[in-house]
Visitor: 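Dumping the structure here so I can ask a few things about it.
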Amino acid sequence: MNGGDAYRGDITRHPSSKLIFAAWQRSSAERRRIPVECRPPGAIALRCRYRHLTDPAKPYGVPAPVTAELWNQALTAETEIDNAVHAGRFAHATALCRELIDGPYDELTVTNALIGAGDVHRARGEVEEAIAQYDLALRRADACGYRFGRLRALAGLGHVALNQHSVERAREMYGEARELARSIGDPLYEANALFGSAECAERSRDVTGAIEIHQQAHALYVDVASVTGQAHAAQRIGVLYHRAGRLPIARTWLVVAAKAFGQFDDPVGTVNVLESMGDLLLHVDETDEAEARYRDAWTIAQAHGLASAEAHAVQNFGRVARARRDWSAAVVLFEKAAAAYRETGDLLGVCNALEKLAECRERLGDPSGRAQAVRDRVAAVFAIEEYRAAHREAGVQQEYRERFGPVYASALRAAVRAGAPESFVVVADGLAGRRLAGLATREVPAGVAGRLVFLQDLLVRSDERWLAQRRAPGAGGMQLPPDTPRQQRVAVMMGSLAIGDTVREPARAAVEDLLAAVYLPPADEGADLLAAVPDRCHLLQLVIDPDDPRLLHRLWRDEQGESRLDSVELSDACTRLLAVVRSDSQEHSSLRPADVTVLGELLPEGLRRALADAAVPRLLLVPAGGLWLVPWGAVPVGPRRLLAESTEYVVCPSLVIQRVLVRRGPARPVDKPSCLWRNPRMESLRLTELRADGRWTFDLPATASQISSVLAADAHTVVVLCHGRPAVGPGHYLELEPGSWLLPADLLDGTPPQRFYLFTCWGGGVPGQAMTEPVTIATLALVTGSVEVLATVGEYGDTPDGDEFAQWVLEPLSTAGTPLSRAVHLASTRLLALEGAWEWPLRDWAPLLPLGTFHD
């Protein structure tokens with residue numbers, strides 16, 4: 001939204017112009033606020049000066065004096081800029097903005113001109129240029145206390161963030177804008193901020209909430225008599241009612257919008273309402289009428305150079321062809337639309353076009369077309385992954401994963417239908433997460449000591465470069481290297497803006513955010529990932545459908561290399577139990593083997609039979625998302641027979657990491673003793689018998705700081721028994737002793753032990769984080785140098801039974817060459833052979849998972 005309605009006529013003769021000028025001059029002369037004896041004008045050039053004069057904030061920016069001549073010239077130019085932006089006369093608007101920026105005008109006028117320039121670039125789809133201008137406007141407005149200017153710049157930036165960066169970032173901007181509007185007392189811009197917040201709700205798939213907020217905005221627009229605002233709000237309300245399936249009321253609102261747009265020139269708004277009416281007509285199969293509306297929109301978009309609208313037009317023509325079942329024509333049009341969207345940097349458009357392109361290829365019935373359709377759906381996922389890789393905030397990466405869940409879901413389903421394991425594994429690996437994989441595959445530059453310093457240095461150096469360029473005299477905004485990819489330019493520029501009166505901290509302590517900097521871009525490497533799976537090994541990769549929590553997708557590859565794909569609907573009981581194992585609850589803590597029999601649904605029938613018959617020599621599990629927190633050893637494979645006693649198994653965060661571990665090789669001999677640390681508060685986990693076993697030689701560090709040093713010193717074997725604490729910020733940490741902690745960040749500085757055995761609550765996952773990859777002490781050790789890690793994916797009992805099982809696991813590991821997977825298998829078999837073993841709580845043994853891979 002650009003503000004109020006366009007003003008027609010000589011703005012210098014507006015009834016309030018002389019009154020506002022007089023108040024301005026008196027304020028300048030007396031260095032204090034002077035009341036303005038008129039109502040707030042609708043014309044934006046006067047409204048902004050009125051709001052600056054009446055802003056109740058203290059301390060406030062008293063305006064600088066200005067001559068009557070410059071006052072009138074500025075009012076005239078700003079009004080013409082506003083009219084030109086509304087009418088799509090962008091070259092004229094740009095020229096006027098440049099005159100004001102370069103001329104002898106006050107700071108408020110220059111700020112307004114920068115906002116106008118940002119509006120022009122935004123309307124033309126020139127995203128980076130728009131951000132740069134709004135950024136300059138923010139800094140100018142803040143420097144002179146022009147809060148209404150900050151408000152206007154935030155409104156423009158919110159729109160850019162919504163379409164090019166992050167819903168949460170946009171929501172943050174619109175939230176601040178709304179608070180500013182309320183504080184200043186401007187209901188029009190409060191409505192604009194509400195409008196933006198409603199669009200955030202739309203992108204979050206909250207249709208009902210979006211309708212409610214848009215209607216609140218529309219009511220405010222009616223109150224302030226803004227026909228422009230009413231038109232835009234009515235158009236969005238009509239679209240949302242259409243999406244909700246309420247076609248008659250949708251049509252009513254779109255007619256209201258069309259009538260309002262008919263009262264003034266607004267090419268962007270007119271194109272939007274024409275497209276929305278075309279969508280409604282297409283829904284009821286009136287294809288000729290829909291095409292006519294789309295063609296009208298296309299004509300306007302071409303006339304005004306609206307690149308995004310032109311891309312929409314090509315997509316809309318493809319949708320008409322699809323509705324007419326002209327699949328060949330639709331394929332051509334959707335191919336063009338995808339290319340056009342990619343050119344303008346419209347992620348959502350790229351994904352939509354590729355999804356529809358894939359559907360049309362499938363409808364053609366050509367086998368080669370169906371194979372290409374799978375590749376199209378994977379390409380849509382790659383578009384999302386490229387954007388996730390460009391962002392250095394974990395929250396934004398997670399937002400894209402959730403926001404575009406249907407795109408991931410359709411790619412997984414298509415790969416299963418087509419029997420395409422190479423496509424399945426790359427999509428599933430994206431859902432498993434690429435931050436840990438990025439860390440595992442990046443080389444640490446020479447001269448940078450430790451991975452944590454590397455990550456912080458990476459962030460600080462890049463942010464300082466941008467900030468230095470922004471501070472440089474005459475910089476004119478950020479000057480980014482010309483070879484920087486578009487999505488990365490946008491992400492960096494948006495991420496370093498001063499929002500909420502602060503600059504975002506470039507290297508926060510949270511490891512999740514640090515790791516976002518090394519998010520691994522996608523690669524079409526499915527065949528290579530499968531080829532890297534060790535011999536004599538079955539593979540099972542599992543992922544819950546991102547758009548349906550009851551649908552499970554699986555890839556099972558046997559030791560002969562034959563892959564099978566399927567999708568199954570989980571029972572209500574299994575879905576509920578998965579929620580329990582992801583929680584830190586009493587119900588989780590009290591689970592026993594008989595309580596988790598429904599977890600057998602996770603295993604393909606053929607694999608379950610083979611496991612029950614002891615026909616699986618080794619099993620590599622790659623569970624994505626919340627499936628990581630399943631106590632896999634306790635999953636049943638037959639009547640009173642569990643997975644842990646049926647085979648050796650290991651769990652790996654992703655196939656990319658598995659490939660890294662295979663290439664890393666087995667643990668190297670190190671002429672150092674093994675180290676053991678035990679939190680003195682552990683009451684039962686003592687390993688008393690094991691420490692007396694002559695086959696083990698344990699060093700016992702005296703202090704927590706000593707064991708912390710050992711954990712970064714490339715030790716061969718380290719055993720740690722302590723309390724694990726899930727926490728906001730660090731995600732997870734270990735209480736080595738009262739008042740001393742081991743944080744995830746500590747694992748990034750130095751080389752962790754080659755064999756790292758953790759007996760601690762939640763040492764391998766964080767409860768409640770069902771959608772995120774498992775960034776914990778254990779997984780960070782795995783990707784930064786450990787060859788095998790014993791992790792804990794839930795509560796581990798500080799009990800005599802837990803202590804006994806821990807010693808059973810560790811006993812065979814004193815022998816050189818015994819892998820952790822075999823030690824866990826032997827200990828589990830020993831336990832489950834005991835009378836009454838099925839009465840043992842799972843917390844006393846099942847949470848312990850061997851992480852890594854198999855080495856031959």
Visitor: Before giving the answer on side-chain hydrogen bond (donor to acceptor under 3.5 Å, both in side chains), spell out for Tyr221 and Asn192 the whole-Å C-alpha distance, their side-chain angles and the decisive distance to 0.1 Å.
Guide: CA-CA 9 Å; Tyr221 287 131; Asn192 290 347; 2.5 Å; yes
Visitor: Nearest 0.5 Å, what's the NE2-SG distance between His92 and Cys97?
Guide: 10.0 Å
Visitor: Under 6.0 Å between the ring centres of His52 and Phe148?
Guide: no
Visitor: Does the side chain of Asp119 pick up a donor-acceptor pair with the side chain of Tyr134 at under 3.5 Å?
Guide: yes
Visitor: Please report the C-alpha distance between Gln215 and Trp253 in whole Å, then the side-chain angles of each, then the deciding distance to 0.1 Å, and finally whether the side-chain contact (heavy atoms from CB on, under 4.5 Å) criterion is met.
Guide: CA-CA 11 Å; Gln215 288 179 328; Trp253 277 101; 4.2 Å; yes
Visitor: Could you point out which residue of Asp82, Asn83, Thr76 forms a side chain to side chain contact (heavy atoms under 4.5 Å, CB included) with Thr79?
Guide: Asn83
Visitor: Any heavy-atom pair between the side chains of Met173 and Leu162 that's under 4.5 Å?
Guide: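 When only atoms from C-beta onward are counted, Met173 and Leu162 do not touch, as no gap falls below 4.5 Å.
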Visitor: How long is the span from the CG atom in Leu157 to the CZ atom in Arg122, to the nearest 0.5 Å?
Guide: 9.0 Å
Visitor: List the atom of Ala297, the atom of Leu274, and the distance in Å for their closest heavy-atom pair.
Guide: N-CD1, 3.8 Å
Visitor: Answer yes or no: is there a donor N or O on one side and an acceptor on the other, between the side chain of Thr111 and the main chain of Glu107, under 3.5 Å?
Guide: yes
Visitor: Pairing donors with acceptors under 3.5 angstrom, does anything connect the side chains of Asp545 and Tyr408?
Guide: no
Visitor: Taking all heavy atoms of Ala141 and all of Gly149, pick out the closest pair and write down the distance.
Guide: CB-C, 4.0 Å
Visitor: I'd like to know whether Phe261 forms a ring pair (Phe, Tyr, Trp, His ring centres under 6.0 Å) with His232, so could you lay out the CA-CA distance, the side-chain angles of the two residues, the decisive distance to 0.1 Å, and finally the verdict.
Guide: CA-CA 8 Å; Phe261 280 120; His232 283 280; 5.0 Å; yes
Visitor: What pair of heavy atoms forms the shortest contact from Val36 to Ile20, and how long is it?
Guide: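 Minimum heavy-atom separation between Val36 and Ile20: CG1-CG1, 3.9 Å.
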Visitor: Is any side-chain heavy atom of Arg47 closer than 4.5 Å to one of Leu188?
Guide: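 Counting from C-beta outward, Leu188 and Arg47 do come under 4.5 Å.
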Visitor: So, His121 versus Phe90, ring centres under 6.0 angstrom or not?
Guide: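 No - the distance between ring centres of His121 and Phe90 does not fall below the 6.0 Å cut-off.
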Visitor: Ser183 and Arg147: side-chain donor and acceptor closer than 3.5 Å?
Guide: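 Arg147 and Ser183 do have a side-chain donor-acceptor pair below 3.5 Å.
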Visitor: Roughly how far, to the nearest 0.5 Å, is the CZ atom of Arg39 from the CG atom of Leu19?
Guide: 13.5 Å
Visitor: side-chain contact (heavy atoms from CB on, under 4.5 Å) for Leu247 and His242? Distances and angles first, verdict last.
Guide: CA-CA 5 Å; Leu247 303 190; His242 178 192; 3.4 Å; yes
Visitor: A side-chain contact here means heavy atoms from C-beta on lying under 4.5 Å apart; do Arg324 and Asp288 qualify?
Guide: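 Answer yes - side chains close enough.
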Visitor: Passes side-chain contact (heavy atoms from CB on, under 4.5 Å), Asn163 versus Asp346? Steps please.
Guide: CA-CA 7 Å; Asn163 290 283; Asp346 186 343; over 6 Å; no
Visitor: Do NZ/NE/NH1/NH2 and the carboxylate oxygens of Asp55 and Arg51 come within less than 4.0 Å?
Guide: no
Visitor: For the residue pair Tyr341 and His312, confirm or rule out a side-chain donor-acceptor distance under 3.5 Å.
Guide: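 Indeed, the side chains of Tyr341 and His312 share at least one donor-acceptor pair under 3.5 Å.
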Visitor: Do Thr299 and Asp296 meet the criterion of a side-chain donor-acceptor pair at a distance under 3.5 Å?
Guide: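 No, Asp296 and Thr299 have no side-chain donor paired with an acceptor closer than 3.5 Å.
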Visitor: With side chains defined as the heavy atoms from C-beta onward, is the minimum distance between Arg319 and Asp279 less than 4.5 Å?
Guide: yes
Visitor: Flag the pair Glu385 and Arg388 as a salt bridge only when some basic side-chain nitrogen lies within less than 4.0 angstrom of an acidic carboxylate oxygen.
Guide: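 Yes, Glu385 and Arg388 are salt-bridged.
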Visitor: Under the 3.5 angstrom rule, does the side chain of Ser166 hit a backbone N or O of Glu168 as a donor-acceptor pair?
Guide: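 Flag set: sc Ser166 to bb Glu168 pair under 3.5 Å.
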Visitor: Do Tyr146 and Asn112 have side-chain atoms, one donor and one acceptor, less than 3.5 Å apart?
Guide: yes
Visitor: Identify whether the distance between the nearest side-chain nitrogen and carboxylate oxygen of Glu362 and Arg377 falls below 4.0 Å.
Guide: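 Yes.
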Visitor: Please examine the side chains of Phe195 and His218, heavy atoms only from C-beta on, and report whether any two atoms are closer than 4.5 Å.
Guide: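 No - every pair of side-chain heavy atoms lies 4.5 Å or more apart.
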Visitor: CD1/Ile184 to CG/Leu180 distance, rounded to the nearest 0.5 angstrom?
Guide: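 Answer for the CD1-CG pair, Ile184 versus Leu180, is 5.0 Å.
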Visitor: Do the non-hydrogen side-chain atoms of Val407 and Val381 ever get within less than 4.5 Å of each other?
Guide: yes
Visitor: Do the non-hydrogen side-chain atoms of Val396 and Arg169 ever get within less than 4.5 Å of each other?
Guide: no
Visitor: Passes side-chain contact (heavy atoms from CB on, under 4.5 Å), Thr12 versus Trp71? Steps please.
Guide: CA-CA 9 Å; Thr12 64; Trp71 174 271; over 6 Å; no
Visitor: Using a cut-off of 6.0 Å, state whether more than 12 heavy atoms not belonging to Trp298 lie near its atom CH2.
Guide: no
Visitor: Does the cation-pi check pass for Arg295 over Phe317, that is, NZ or CZ under 6.0 Å from the six-membered ring centre and within 45° of its axis?
Guide: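 Pair Arg295/Phe317 counts as cation-pi.
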Visitor: Distance only, no hydrogens: is a donor on one side chain within 3.5 Å (strictly under) of an acceptor on the other, for Thr109 and Arg49?
Guide: yes
Visitor: Are any side-chain N or O atoms of Gln235 and backbone N or O atoms of Ala231, one a donor and one an acceptor, separated by less than 3.5 Å?
Guide: no
Visitor: For Arg205, is there an ion pair with Glu402 - N to carboxylate O distance below 4.0 angstrom?
Guide: no
Visitor: Just by distance, with hydrogens left out, do Gln372 and Arg375 show a side-chain donor and acceptor under 3.5 Å apart?
Guide: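 Short answer, yes.
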Visitor: I'd like to know if Arg203 and Glu199 make a salt bridge, using a cut-off of under 4.0 Å between side-chain N and carboxylate O.
Guide: no
Visitor: Let me confirm one number: the CG-CD distance from Leu281 to Glu291, rounded to the nearest 0.5 Å.
Guide: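 Rounded to the nearest 0.5 Å, the CG-CD separation comes out at 12.0 Å.
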Visitor: Testing the basics here: between Ala201 and Arg171, what is the closest heavy-atom pair and its distance to 0.1 Å?
Guide: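 The pair with the smallest heavy-atom distance is N-NH2, 4.0 Å.
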Visitor: Is there a side-chain contact between Thr228 and His86, using heavy atoms and a 4.5 Å cut-off?
Guide: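 SC-SC contact between Thr228 and His86 confirmed.
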Visitor: Run the salt bridge (charged side-chain N to carboxylate O under 4.0 Å, His left out) test on Lys356 and Glu359 for me, step by step, so that the C-alpha distance in whole Å, both residues' side-chain angles and the decisive distance to 0.1 Å come before the verdict.
Guide: CA-CA 5 Å; Lys356 292 176 175 62; Glu359 178 193 342; over 6 Å; no
Visitor: Mind listing the closest non-hydrogen atom pair of Glu190 and Ala181 along with its distance?
Guide: N-CB, 3.4 Å
Visitor: Restricting to non-hydrogen atoms, name the atom on Glu399 and the atom on Val167 that form the minimum distance, rounded to 0.1 Å.
Guide: OE2-N, 2.5 Å
Visitor: Should the pair Arg124-Glu129 be classified as a salt bridge under the 4.0 Å nitrogen-to-oxygen rule?
Guide: no
